[in-house]
Enquirer: 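If you scroll down you'll find the structure; I have some questions about it.
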Amino acid sequence: MGVMVASAGALGYFGERFMRPTGASAPEHGMDNKKSELLYKMPLGNFTMQIKQSKRTLHLVFDVDVYVMGASAFQEINGSVGRAMLRDATVAAIAELAETDMSFGEPPTDEASQIALAEMIVRKLYVNFPTVRTGRIHKLFANVSARE
């Protein structure tokens with residue numbers, strides 16, 4: 001009995017790669033394949049946040065777009081529920097970044113810094129939304145006020 005259990009476990013462990021579903025075969029028409037690889041822009045809109053830090057309060061205003069890979073993934077997220085979940089995840093990601101990074105009080109003015117910040121936000125979004133590939137920050141304004 002023990003040998004059967006051990007052999008079934010080994011068969012499942014090593015045989016998993018043979019039973020794993022593979023990607024769909026390439027479509028006959030080349031356009032269909034290129035169309036599924038496109039990035040689709042999903043504007044998330046303007047956000048206004050207030051984040052309380054140890055001795056100061058950070059006020060943030062920003063406008064973010066994310067880009068989703070593939071038409072089917074875009075259709076899944078594009079509904080009101082999916083878009084709301086993506087907006088909530090974006091707010092949570094930015095709040096977490098703002099709480100942990102003290103340099104967030106001075107918004108990045110150059111494009112390289114904004115791209116790096118957008119990449120950090122997308123990395124946090126990728127955990128729950130693996131079809132989100134990149135993002136773009138259109139507007140970022142930060143104001144710091146001292147807390148009493």
Side-chain angles (χ1 to χ4, degrees), residues 8-147:
L11 179 65
Y13 182 77
F14 293 109
E16 179 265 339
R17 73 181 87 161
F18 299 112
M19 298 185 338
R20 182 181 324 149
T22 60
S25 62
E28 293 176 14
H29 305 290
M31 275 310 266
D32 293 337
N33 193 17
K34 290 200 181 279
K35 199 174 199 180
S36 67
E37 294 175 0
L38 293 177
L39 291 176
Y40 290 87
K41 177 181 175 182
M42 180 173 291
L44 297 179
N46 291 319
F47 296 92
T48 303
M49 297 174 58
Q50 179 177 351
I51 299 169
K52 295 183 180 185
Q53 296 175 334
S54 60
K55 295 183 181 181
R56 63 185 191 168
T57 302
L58 179 62
H59 304 276
L60 295 173
V61 178
F62 53 93
D63 182 15
V64 178
D65 293 343
V66 294
Y67 293 86
V68 178
M69 177 66 99
S72 62
F74 180 77
Q75 290 298 329
E76 289 176 19
I77 296 176
N78 197 24
S80 60
V81 174
R83 194 175 285 247
M85 288 173 48
L86 188 57
R87 282 181 59 91
D88 292 345
T90 304
V91 168
I94 291 173
E96 185 178 336
L97 286 171
E99 288 174 356
T100 58
D101 189 4
M102 288 304 199
S103 67
F104 218 93
E106 298 171 12
T109 54
D110 60 337
E111 191 169 333
S113 298
Q114 285 188 354
I115 290 171
L117 179 61
E119 287 175 356
M120 288 192 298
I121 293 169
V122 168
R123 270 187 241 124
K124 293 209 175 274
L125 288 176
Y126 187 78
V127 173
N128 294 325
F129 298 94
T131 57
V132 172
R133 294 292 187 237
T134 187
R136 182 172 185 170
I137 298 174
H138 293 289
K139 176 177 69 173
L140 177 61
F141 174 74
N143 186 15
V144 178
S145 62
R147 285 179 48 189

Enquirer: Hey, could you give me the CE/CZ distance between Met42 and Phe129, rounded to the nearest 0.5 Å?
Expert: 9.5 Å
Enquirer: Heavy atoms only: give me the nearest Tyr40-Ala71 pair and the separation to one decimal.
Expert: CE1-N, 3.3 Å
Enquirer: Minimum heavy-atom separation for Val68 to Phe74, with atom names?
Expert: CG1-N, 3.8 Å
Enquirer: How close do Thr90 and Leu86 get, counting heavy atoms only, and between which atoms?
Expert: OG1-O, 2.7 Å
Enquirer: Just verifying a value: how many Å separate Phe62 CZ and Lys139 NZ, rounded to the nearest 0.5 Å?
Expert: 10.5 Å
Enquirer: If you measure from the Lys or Arg side-chain nitrogens to the Asp or Glu carboxylate oxygens, is any gap between Lys41 and Asp65 under 4.0 Å?
Expert: yes
Enquirer: Look up atom CG in Leu39 and atom OG1 in Thr134, then write down how far apart they are to the nearest 0.5 Å.
Expert: 7.5 Å
Enquirer: Is there side-chain contact between Val64 and Asn46, with at least one heavy-atom pair below 4.5 Å?
Expert: no
Enquirer: Quick one: pull up CD in Glu76 and OG1 in Thr131 and give me the separation to the nearest 0.5 Å.
Expert: 7.5 Å
Enquirer: Less than 4.5 Å apart, side chain to side chain, heavy atoms only: is that true for Gln50 and Ser145?
Expert: no
Enquirer: Looking only at heavy atoms, which two atoms of Met49 and Val91 are closest? And how far apart?
Expert: CE-O, 3.6 Å
Enquirer: State the CG-CZ distance between Leu97 and Arg123, to the nearest 0.5 angstrom.
Expert: 9.5 Å
Enquirer: Closest heavy-atom contact between Ala118 and Gly135?
Expert: CB-O, 3.7 Å
Enquirer: Drop me the distance from Phe47's CZ to Ile94's CD1, to the nearest 0.5 angstrom.
Expert: 6.5 Å
Enquirer: Distance-only, no hydrogens or angles: does the Arg136 side chain make a donor-acceptor pair with backbone N or O of Ile115 under 3.5 Å?
Expert: no
